[in-house]
Amino acid sequence: MDHFLYKDGALFAEDVPVAEIAAAVGTPFYCYSTATLERHFRLFDEALAGMDHLVCYAMKAASNQAILKTLAALGAGMDVVSGGEYARARAAGVPGERIVFSGVGKTRDEMRMALTGGIRQFNVESEPEMVALNAVALELGVKAPITVRVNPDVDAKTHAKIATGKSENKFGIPISRARAVYAEAAAMPGLEVIGIDVHIGSQLTELEPFRQAYEKVAELTEVLRGDGHDIRRLDLGGGLGIPYTRSNEAPPLPTDYGRLIKETLGHLGCEIEIEPGRLVVGNAGILVSGVIYVKSGEGRDFLILDAAMNDLIRPAMYDAHHDIVPLIEPAVGVEPVPYDVVGPVCESGDTFAKGRMLAPLEGGDLVAFRSAGAYGAVMSSEYNTRPLIPEVLVHGHEFAVIRHRPTFDEIINRDTIPEWL
Ligand code: LLP
């Protein structure tokens, strides 16, 4: 459920007509709904009620300061994967003890930054990383709290580019080697082993892969405890999928996911962390775009939008589907027609959808891509020197620009000219 609905034939974000925002900021832009964000965060929090837990929002999905502050105010922790994300989380007022540091290639500088600024734990992904973290911690005279990310060799049944839990993926250490790796970690004086971490992929639409992974984690917890490790925290990653089309069957709800966690791991008495990104922010954001031209091609019509692959790369990168809806609700009985929906960037990959059935549109009309809140703005670029598009946050009757559209001068002035030119 989200708060982007038609009222009297016009698309609203909460209580604000989206066309009003478009008139104020120009298209294209991202628009987020505070109520939807809050609702989705709370669903996770409530799903884990009764267990000692922390929901660490995976801020890679959308990391605007205003989004982080909205979630932090509800008690969210943050899952960060870079020094930049760590800095963003801290700048949004998130205390170090609510930040977990994930990622397969943390640098020593990033480790230093987190150890000095405060960190809940590092999710360590390899032995060389353990060695580096131990060295940095000793140099700073502290102990780094760690979990080790295990790769449970489970098929997440999602798009290959976002599956992470099979043995061929670069993530974590093979679960079969966990005992040896934990023994090594325990022997390093700069590390404090506190738990286990697992994350098997993103946009999972079934619970079964989670069940398989979590059962393996439960078993491993007992084994490692038997080896004398004080396993008291389990980080279960993110990955719960969202519906990208209105018609497809609904993926499992956070409540079902919470129940599964209790069933598989509840008996262990561990503190539970989860790292959802997409489900918190995905359906809390839309991308609003204007139609520049409708061009008749050979046997097809192209809807040429002012948004492009540099603004929303998911269709080009993962063949992802995003529902596209007009800002003005089509009248009853209007027959949809097929469009190839494209952007202005100079490559054929800049195609959002082929043969998409939409009510007839013309130049100047406005449309919205739904479910664009996660991995939308954060994956955008300035390819073709197209400025990063603004982000807007709606809150009831109010809206605010939370990232402005840079001017061409701002973009150009980031370049510096060497002396010899
Ligand atoms: N934790 C870790 C360690 C992760 O790698 C990820 C996502 C998450 C949590 C959050 O997963 P989520 O709840 O959002 O599924 N750009 C791709 C998705 C990449 C996901 C990367 N890792 C896309 O647009 O589909």
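As the structure is a computational prediction, the values presented were derived from the model and not from experiment. Whatever order the structure lists ligands and atoms in, that order sets their numbers, starting from 1.
- Only one option out of Thr164, Ile175, Ile200, Val198 pairs with Val154 in a side-chain contact (heavy atoms from CB on, under 4.5 Å); it is Ile200.
- Residue Ala58 has no nitrogen or oxygen atom sitting less than 3.5 Å from a nitrogen or oxygen atom of ligand 1, judged on distance alone.
- The proximity of Glu125 to ligand 1, defined as any non-hydrogen pair under 4.0 Å, does not occur for either the backbone or the side chain.
- Taking only nitrogen or oxygen atoms, main chain and side chain alike, Tyr318 reaches within less than 3.5 Å of ligand 1.
- The shortest N or O to N or O distance between Glu275 and ligand 1 is under 3.5 Å.
- Ligand 1 lies nowhere less than 4.0 angstrom from a heavy atom belonging to Leu279.
- Residue His159 places every heavy atom at 4.0 Å or more from ligand 1.
- For the pair Met317 and ligand 1, no heavy-atom separation below 4.0 Å is found.
- Look at Gly239 and you'll find a heavy atom under 4.0 Å from some atom of ligand 1.
- At least one N or O atom of Gly277, backbone or side chain, sits closer than 3.5 Å to an N or O atom of ligand 1.
- Contact annotation: Pro276 has at least one heavy atom less than 4.0 Å from an atom of ligand 1.
- Residues Ser82 and Arg88 form no side-chain contact, since every pair of their non-hydrogen atoms from C-beta on lies 4.5 Å or further apart.
- Contact of the Tyr32 side chain with the Ile402 side chain is registered, since non-hydrogen atoms from C-beta on lie closer than 4.5 Å.
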